[in-house]
Amino acid sequence: MGRRDHSDSSSITMAATDHIFALIDCNNFYASCERIFNPGLEKKPVVVLSNNDGCIISRSNEAKALGIPMGAPLFEMQALIKKQEVKVLSSNYALYGDMSQRVMATLMEFSPDIEIYSIDEAFLSLNGFEHKNMTDYAQTIRATVKQRTGIPVSIGIGATKTLAKVANKAAKKNSAWQSVFDLVNHPYVDEVLEKMPVENVWGIGRSLSKTLNRHGVLNALQLKNLPDTWIRKNMTVVGHRLAWELRGISCLPLDMVVPPKKGIMCSRSFGKPVTALEGLKEALSNYTTRAAEKLRSQNSLAGLIMVYITTNPFNDMPYYSNAVTFSLPFPSANTAVLIRHAHQIMEKIYKDGYAYKKTGVFLSGIVPDNQMQRDMFVKEPDLVREKKLLRAVDAINYQFGSDTIQYASSGMIKPWRMKQAYRSPRFTTRWDEILTVKI
DNA sequence: TCTGGGGTCCTAGGACCC
DNA sequence: TCTGGGGTCCTAGGACCC
């Protein structure tokens, strides 16, 4: 997300001048959001689960201290959770999305140049603020976010985005720094890099760290000092950029405008397996509706639609998965059209006799909805009317809650719906679930 | 018997991120 | 019993063209 699209992918574009980047990162974001509305969670181990209550995807510091790993399946942790009285919550994305917007709105007051990198992270450019004490300024940002939203953040400052990431990790690690670390005005950058394991560097994943370790590269400083030729050969242009960033040469600019998505995915695991074609089509209708909404919200049309189904890959039942892509006669953002094609694909890939765990739809071949390719051999629908209708439906669903108006093929009972046994109320986005205070 | 080479476009798959 | 979802970028290799 948020990466620059280099026209020549094998080249490295360097920044002309010195930069100051700050990376602001919400601490244990989902767990922190839950705490704000439920003070009973304060100082207690808290974990938030993935969709369908499958894995642990956010942990409070207390939960981390108990040794609960990121991404652990819930059932593997049940004994520990019970013994240590860990508080467990299903994920509540309506709440997290809304809290994220509040945090980002606050950050924007501290610099006009901001890149919202993910739901819980943003880069700020602090160019032009050189006259200020960076650490003090960052502490002010931190205090303001905390006061307005209740969310604790950590801030790392560096000459490149990658160094700001390094600084952010350092800020979290050493409590003496009070969640702020400035690597621009730090005399011993190399010492900090030397203490950072290479697998913790932004952009170094499992595979690359294995290769690097094999060549004796264990920390970020060693990576920084590798010969360019070796890096280019073994780590492609991505690794090359990364090493330069560690050397303080900015190659990853701040992306302030959000480019439209090139692909839109919507998929969910089922609460319980689905065997019948009708159930799969019903779930698929719902997911296609969501995907089409996302498509319209960025004023795009999709030219390709892919549908896939899969059984559970983890158990030893007979496994089956399949996916088929279909090229639409002309690009569309019309939910009804997309559902019709999605269903046709589903009928093709469905095989009787399997217990399906998941289905999903992926829309790609994205084009802006105002410069659609005209195909003179295909009869076009009345696009203006269609757009008006869809906008009206979107507006109603936005105001009164999604699925206020829904397609009949989406079903009413939805027995396949994902598990959310521990979900907190949508405090900030639903009037009927707003927080009440008893006096 | 001899059997080119270079360019572009597209796709699948891998790797990474949060 | 129980294992998330949604993105981006890069490269290699095949198809196709001249």
Side-chain angles (χ1 to χ4, degrees), chain A residues 1-12 23 25-26 28-30 47-58 69-79 81 88 90-91 93 96-97 100 115-123 161-162 165 168 199-212 232-242 252 255 258-273 287 290-291 294 298 304 306 308 310-317 323 325 327 355 357-366 418-422:
Chain A
M1 203 179 293
R3 293 286 172 78
R4 154 136 329 185
D5 182 18
H6 294 270
S7 49
D8 175 1
S9 65
S10 65
S11 74
I12 294 183
L23 174 66
D25 175 273
C26 300
N28 317 327
F29 184 54
Y30 299 165
V47 298
V48 177
L49 306 177
S50 63
N51 274 334
N52 216 30
D53 293 346
C55 302
I56 290 162
I57 55 166
S58 179
M70 176 70 175
L74 175 63
F75 71 91
E76 283 179 8
M77 294 289 120
Q78 281 296 14
I81 283 170
V88 178
S90 303
S91 45
Y93 286 102
Y96 312 149
S100 174
E115 173 185 334
I116 297 171
Y117 180 69
S118 74
I119 193 166
D120 69 338
E121 275 177 62
F123 287 100
K161 283 177 156 185
T162 305
K165 276 268 187 185
N168 187 284
E199 62 266 27
N200 288 355
V201 175
W202 190 38
I204 302 295
R206 257 209 340 260
S207 170
L208 278 176
S209 62
K210 216 167 138 188
T211 309
L212 287 164
R232 196 72 182 212
K233 202 173 128 213
N234 294 280
M235 302 172 64
T236 80
V237 66
V238 180
H240 207 166
R241 251 176 234 145
L242 206 156
L252 303 170
D255 290 330
V258 187
K261 304 234 179 303
K262 297 169 180 174
I264 291 170
M265 165 80 96
C266 186
S267 68
R268 296 273 182 286
S269 297
F270 303 130
K272 42 186 162 180
Y287 306 162
R290 286 291 92 73
K294 290 189 213 172
Q298 63 167 30
L304 292 167
M306 185 271 274
Y308 78 93
T310 179
T311 59
N312 190 341
F314 292 102
N315 64 23
D316 43 10
M317 302 290 284
T325 303
S327 182
K357 178 69 181 166
K358 188 174 177 180
T359 185
V361 59
F362 181 67
L363 304 176
S364 59
I366 307 263
M418 69 180 178
K419 275 189 273 184
Q420 276 192 307
Y422 318 94

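Keep in mind that this is a model prediction, so the values were computed, not measured. Naming convention: chains lettered A, B, ... in sequence-line order (proteins, then strands); numbering from 1 in each chain.
Remark: side-chain polar atoms of A/Asn315 are paired, donor with acceptor, to backbone N or O of A/Met317 under 3.5 angstrom.
By the side chain to side chain contact (heavy atoms under 4.5 Å, CB included) test, A/Ala421 is found to be paired with A/Asp53, residues two or more places apart in sequence or in another chain being considered. Applying the ring pair (Phe, Tyr, Trp, His ring centres under 6.0 Å) rule to A/Tyr96 yields the partners A/Tyr30, A/Tyr93; only residues at least two apart in sequence or on another chain are considered. With sequence neighbours left out, A/Asn168 forms a side chain to side chain donor-acceptor pair (under 3.5 Å) with A/Lys172. Under the side chain to side chain donor-acceptor pair (under 3.5 Å) criterion, A/Asn28 pairs with A/Asn61, A/Lys64, sequence neighbours left out. For A/Thr162, the side chain to side chain donor-acceptor pair (under 3.5 Å) partners two or more places apart in sequence, or in a different chain, are A/Glu245. A/Thr211 is linked by a side chain to side chain contact (heavy atoms under 4.5 Å, CB included) to A/Arg214, A/His215, counting only residues two or more places apart in sequence or in another chain. Partners of A/Lys358 according to the side chain to side chain donor-acceptor pair (under 3.5 Å) rule, which considers only residues two or more places apart in sequence or in another chain, do not exist here.
Protein atom CD of A/Glu115 is 15 Å distant from nucleotide atom P of B/dC17, rounded to whole Å. Following rounding to the nearest Å, A/Trp202 (CH2) and C/dT8 (C1') show an atom-to-atom distance of 12 Å. Remark: P of B/dC16 and NZ of A/Lys161 are 19 Å apart, rounded to the nearest angstrom. One can place OH of A/Tyr117 at 15 Å from P of C/dG7, the figure rounded to the nearest angstrom. Counting to the nearest Å, the C1' atom of C/dC9 and the NZ atom of A/Lys262 are 8 Å from each other. Protein atom CG of A/Asp120 is 12 Å distant from nucleotide atom C1' of B/dC17, rounded to whole Å.
Contact annotation: A/Lys210 side-chain N/O to B/dC16 OP1/OP2 distance is not under 4.0 Å. At C/dG6, none of the side-chain N or O atoms of A/Arg290 fall inside 4.0 Å of OP1 or OP2 (strictly under the cut-off).
Across all strands, A/Lys294 comes closer than 4.0 Å only to sugar-phosphate atoms, never to a base (heavy-atom distances). Across all strands shown, A/Glu121 has heavy atoms under 4.0 Å from sugar-phosphate atoms exclusively, and none from any base. Nucleic acid contact for A/Val201: sugar-phosphate only, since backbone atoms but no base atoms lie under 4.0 Å from a heavy atom of the residue. Using a 4.0 Å heavy-atom distance criterion, A/Gly263 is classed as a sugar-phosphate-only contact.
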Report all interatomic pairs (protein N or O, nucleotide N or O of nucleotides 1-5 of chain C) with separations under 3.5 Å.
| residue | atom | partner | partner atom | Å |
| --- | --- | --- | --- | --- |
| C/dT3 | OP1 | A/Lys357 | NZ | 2.2 |
| C/dG4 | O4' | A/Ser50 | OG | 2.9 |
| C/dG5 | OP1 | A/Ser269 | N | 2.4 |
| C/dG5 | OP2 | A/Ser269 | OG | 3.1 |
| C/dG5 | OP2 | A/Lys358 | NZ | 2.9 |
| C/dG5 | O3' | A/Arg268 | NH1 | 3.3 |

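Between A/Trp202 and A/Phe123, the ring planes lie tilted relative to each other; the angle falls in the 30° to 60° range.
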Watson-Crick and G-U pairing of DNA chain B written in dot-bracket, each distance under 3.5 angstrom, with | for inter-strand partners: ....||||||||||||||

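Between the P atoms of C/dC18 and B/dT3, the separation comes to 24 Å (whole Å).
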